[in-house]
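Only a predicted model underlies this, so the values are computations on that prediction, with no experimental measurement involved. Keep in mind that the numbers below use all heavy atoms, side chains included, and drop hydrogens, waters and symmetry copies. A note on names: the letters A, B, ... follow the listed sequences, proteins ahead of strands, and every chain is numbered from 1.
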Amino acid sequence: MRRHGLFSIHNPWKFWGAVLVASMLVMGIAIGFLWLPQVQERPVFGDRLKKPGGWFASFCRGLGWTGDAQATATAAPPARWASDMQWTPDTVHLALSGDRARGEFVALNCTACHGEKGQGGQQTWIPKLARMDRLVIYKQLADYRSGHRQWGVMNAVAMALSEQDSADVAAYFNSQAQPPLQLGQEGSNPPLTDARFKDAQKLVYNGDPLRHVAACATCHGPSARMTAAPDLQGQHPAYLTRQLGDFAQGHRANDLHLQMRAIASQLSPDEMNALGLFLAQGKGPRDAR
Amino acid sequence: MTNSRNFYGASSLVLAHLWSAFALFVPGIALGVWQMWVRSPWGHFATAATYYSSVTAHGSFFGYIFPTLVAMGFGYACCAAGLARPIRGMAWAWTGFWMVVTGSVLVLVPVLFGQAGVLYTFYPPLTANAWYYGGLVTVIIGSWIWVAVLVVNMVGWKRENPGKPVPLAMFASVASALVWLWTSLGVLSEVVFYLLPVALGWRTQVDAGLGRVLFSWTLHGIVYFWLLPAYIAYYTLAPQAAGSRLYSDIMGRLAFLLFVVFAMPIGIHHLFADPQVGSGTKFLHTVFTIMVVVPTLITVFSITATMEISGRLHGGKGVFGWVAALPWKEPTVLATGLSFIMLGIGGAGGIINMSYGMNASIHNTQFVTAHFHMIYPGAVVIMYFVIIYELWPKLTGRPLWSLRLVRTQLWLWFIGIMLLTIPWHVAGLLGQPRRMAFYDYSDPVLARIAPWVTPSVIGGFIALLSATLLLVNMALSHLPARDENIGPLQFALSVNPPSRIPAALNGFGYWNVLMLVVLGVNYGIPIAQLLLLKNAHTSPGYQVGSHPEADGAIPAVNREQRDAQP
């Protein structure tokens with residue numbers, strides 16, 4: 001048996017093996033990348049279908065390196081986290097150190113939508129701010145500023161405010177009188193029947209452990225209170241329902257530990273609606289019937 | 001319990017591999033039958049998540065675990081009996097075995113817990129539990145130890161027997177090991193670089209297009225890795241079972257070398273409907289894919305010629321008279337004949353699949369699933385049975401319990417698989433899509449498919465019966481008294497036993513280089529293209545099992561309501 005080098009052309013098996021593979025490669029590349037892409041764009045129904053570019057463009061199309069590939073290109077979304085807010089003692093101190101008088105001046109920006117003295121405007125999907133906890137307002141403004149909570153107008157407003165401005169305006173709204181409760185059911189469809197009322201009441205005070213839904217009262221008061229969790233009673237029902245829906249779908253995602261997203265995703269639209277009406281009537285944490 | 005004389009001390013090793021491979025054979029097939037049943041007109045009692053978990057368990061077991069263990073066990077048998085001396089590196093071989101077993105458990109447990117319903121082909125951006133991928137990596141690394149043991153033994157034998165041809169059984173086993181080594185690199189790189197980082201939460205984005213290209217690198221080589229033990233059985237076990245000699249030893253070697261070169265750099269034909277791959281790349285892969293028909297045709301010709309020699313020795317006359325004269329009572333001859341029927345039909349279907357034009361009409365239909373069930377469980381696994389039945393007496397030193405039961409089992413398997421896959425092909429041609437958990441046959445478009453699905457279910461149950469019978473045969477054949485006349489495993493001699501063969505056909509070095517050149521071009525092009533078009537196709541990973549509603553783990557409300565209707 002004669003020994004040959006790895007690529008010796010004197011060994012017929014190796015020589016013809018290499019010739020076979022090389023010719024397949026050359027022919028395959030020539031046909032696949034040079035000839036076929038040209039033929040495939042030869043006009044069949046007149047010139048209108050002819051694609052732009054010469055042989056190089058069709059070569060690139062054969063490679064799969066085409067302009068249309070960019071149509072599917074989507075930039076990777078940045079890594080997401082709920083909020084930049086960290087409740088360090090310094091932050092809490094700053095958020096609670098607002099100047100009420102200066103806040104009244106800052107709040108001139110807010111009146112158009114949130115109503116006079118934060119009592120609520122005409123649009124019921126915009127929250128009432130009066131009596132709202134200072135840490136709540138401070139955190140939401142910070143999240144609007146950093147983009148963790150999205151609402152076009154509020155992002156613009158928050159970006160114009162400094163941290164001190166936020167603390168000041170929070171102090172101002174917190175000092176305003178409790179807005180009137182919304183006892184009627186205007187615009188509520190379907191109406192808050194007794195059965196739906198009881199369902200909502202159960203969710204507020206007991207939650208639904210089988211669905212991993214914690215009771216609203218666990219964090220939003222009155223019996224227990226989590227830092228920067230807002231009071232809910234007396235709020236606009238449309239606002240509350242909308243926030244629940246946004247949490248459920250992840251459009252709003254600035255709850256630090258996914259609590260609201262986890263809970264809201266377990267609620268049916270009907271329950272969100274009932275909860276909004278129930279809490280708006282003030283039958284929420286403050287007033288058990 | 002084993003007969004260590006026949007395999008130079010490797011009997012326990014071979015037996016451990018083969019029993020582990022077949023331990024979950026019946027449950028694995030039961031899952032397949034159940035899937036066929038629930039997507040038939042008779043049953044829609046599964047949630048989608050359960051269905052996909054079942055498909056994943058079935059596919060992961062039969063794609064990664066079962067054939068790997070069979071190839072490893074049979075490869076060690078070929079190594080010991082073929083080289084006629086003890087295997088070097090037994091400790092390593094046992095290490096590889098336990099790694100594969102451990103990895104298999106890691107693969108299957110997350111699937112059973114509904115955390116890995118990604119199918120064995122993964123489909124990024126679907127993401128499974130990290131243990132699933134980790135288990136798979138363990139299986140692959142464990143099987144690489146087998147590759148290393150076989151290569152070391154062959155190289156050592158060649159050094160000590162200069163100029164002598166490596167026995168075909170050993171040569172072909174090393175070919176199978178090399179195909180697996182090179183082909184598993186694709187899936188391993190997909191898992192390590194793209195899927196595991198997402199599964200572990202280190203990264204959110206996965207480039208699905210590139211991941212699929214990397215998987216396709218594995219996807220066709222792995223098919224030939226499944227096939228090669230069957231081909232080794234054709235060449236080395238079937239001839240002397242028929243009382244014949246192999247028609248040509250050199251053609252056998254050439255066939256296995258062609259598999260090494262062409263089995264793998266052709267996988268893009270699985271991605272003909274993928275927009276991220278250019279048409280030129282697809283054409284190039286089509287050209288090379290057609291080349292794998294050549295070693296199969298060589299094999300069909302050689303083995304048919306081998307059988308014709310046998311038929312004429314048995315007194316067969318005329319053009320086809322020799323076929324009837326073959327010793328069909330011999331299980332190995334029977335299985336080889338049945339296997340060739342299924343290989344013929346399945347192979348023709350495969351040529352349709354790999355044709356760039358025709359593929360479009362059957363891509364993502366049940367035709368493809370039917371095709372690979374015809375080839376793999378049909379043509380290939382029936383030869384795995386041959387391996388079991390040929391090796392068992394040599395391993396245990398005891399005769400088979402009953403040849404009649406063996407023949408019954410083979411016939412049931414053939415009937416079951418034919419009844420399963422032929423109508424399945426038709427359902428695909430009628431447009432039934434694959435990878436669906438549920439079909440609404442009350443829809444007029446699907447209604448005409450329903451009659452074709454029903455016989456497939458029956459075929460599945462027949463195959464399940466046959467699989468159970470196989471396990472019965474394996475177990476019962478440990479019982480008869482030892483027979484001292486059972487000699488060592490003998491591989492087929494060829495008509496002209498090679499005393500000298502060209503050095504090029506006695507080793508793999510050159511052919512590895514040739515294959516790597518083709519691989520470099522055929523996969524270098526699409527991988528470079530997708531790496532340079534960075535982020536063009538990335539999307540967020542989707543963790544299976546973490547969105548129960550969307551995964552279908554919670555049945556759709558309207559289905560409940562509909563079922564509640566009187």
Closest contact, heavy atoms only, A:Trp13 versus B:Trp511
O-CH2, 3.8 Å
Is it the case that atom CG in A:Asp84 sees more than 12 heavy atoms from other parts of the structure closer than 6.0 Å?
yes
Any pair counted as side chain to side chain donor-acceptor pair (under 3.5 Å), so long as it reaches residues 250-260 of chain B, sequence neighbours left out
B:Asp249-B:Arg253
By number, which residues in residues 17-31 of chain A have some heavy atom less than 4.5 Å away from chain B?
A:Gly17, A:Ala18, A:Leu20, A:Val21, A:Met24, A:Leu25, A:Gly28, A:Ile29, A:Ile31
Part of B:Phe262 lying under 4.5 Å from any heavy atom of chain A
side chain
Please name all residues satisfying ring pair (Phe, Tyr, Trp, His ring centres under 6.0 Å) with B:His270, sequence neighbours left out, ordered by chain then number.
B:His220
List the residues meeting ring pair (Phe, Tyr, Trp, His ring centres under 6.0 Å) with B:Phe283, not counting sequence neighbours, and say none if there are none.
none
Neighbour count >12 (heavy atoms, 6.0 Å) for atom CH2, A:Trp87:
yes
Decide if atom CD of B:Glu160 counts as having more than 12 heavy atoms of other residues, nucleotides or ligands within a radius under 6.0 Å.
yes
Chain A contact via B:Leu254 - side chain, backbone, both or neither, heavy atoms under 4.5 Å:
side chain
Best-contacting candidate, B:Leu505, B:Val518, B:Val521, against chain A by heavy atom pairs under 4.5 angstrom
B:Leu505
Is the shortest heavy-atom distance from the side chain of B:Leu284 to the side chain of A:Phe33 under 4.5 Å?
yes
